[in-house]
*Asks:* 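I have a structure I would like to understand better, so I am pasting it below and will then ask my questions one at a time.
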Amino acid sequence: QVQLVESGGGLVQAGGSLRLSCAASGLATSFYTMGWFRRAPGKEREFVTAITWDGGNTSYADSVEGRVTISRDNAKNTVTLQMNSLKPEDTAIYFCAVDVGWSIRLREIEYDYWGQGTQVTVSS
């Protein structure tokens, strides 16, 4: 059974930083893209960033480009999202997701497995 467990959410002031982590288990392959999505209050879930299985390619939403960095450790089956210069509009539930495959895809429907989400709240 595939499980994705996020950690690291919390409350931070605008301009601050947070690091989110996601640990994956139960996957039968190493070839999967890991991504982060978020759902802000009253909005649809949206793509934030993703990284390919080998860490060779990444993609970032325009809204977070330059402020967040995604990385992964395949030995530990984890993906990390470092978020800096946080803004109140970054407040959302952040979800880790896995897309079994070789490339980065941006639509949530493409992703096969999801974590439960972790709350990030940025105060002004």
*Asks:* Can you list everything that forms a salt bridge (charged side-chain N to carboxylate O under 4.0 Å, His left out) with D90? Sequence neighbours excluded, please.
*Replies:* R38, R67
*Asks:* Distance from N84 atom CG to R19 atom CZ, nearest 0.5 Å?
*Replies:*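 Reported value, rounded in 0.5 Å steps: 9.0 Å.
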*Asks:* Where is the tightest heavy-atom contact between M34 and A24, given as atom of each residue plus distance?
*Replies:*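 For M34 and A24, the tightest heavy-atom pair comes out as CE-CB, 4.1 Å.
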*Asks:* For a 4.5 angstrom cut-off between non-hydrogen side-chain atoms, does C96 reach L4?
*Replies:* yes
*Asks:* Mind checking ring-ring contact (aromatic ring centres under 6.0 Å, His included) for W53 and listing every partner two or more places apart, or none if nothing turns up?
*Replies:* F31, W102
*Asks:* With rounding to the nearest 0.5 angstrom, report the OG1 to CD distance, T49 to E65.
*Replies:* 8.5 Å
*Asks:* Roughly how far, to the nearest 0.5 Å, is the OG atom of S59 from the CZ atom of R105?
*Replies:*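 R105 CZ to S59 OG: 13.5 Å, rounded to 0.5 Å.
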*Asks:* Under 3.5 Å, side chain of T33 to main-chain N/O of S103, donor-acceptor pair present?
*Replies:*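 Yes; at least one donor-acceptor contact below 3.5 Å.
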*Asks:* So, does E6 use its side chain to make a donor-acceptor pair with the main chain of T118 at under 3.5 Å?
*Replies:* no
*Asks:* So, R72 side chain and T52 main chain: donor-acceptor pair closer than 3.5 Å or not?
*Replies:* yes
*Asks:* For A14 and P88, work out which heavy atoms get closest and say how close.
*Replies:* CB-CD, 4.1 Å
*Asks:* Quick check: closest heavy atoms across S21 and T80, and the distance to 0.1 Å?
*Replies:* OG-OG1, 3.8 Å
*Asks:* So how far is it from F95 CZ to C22 SG, rounded to the nearest 0.5 Å?
*Replies:*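 These two atoms lie 12.0 Å from each other.
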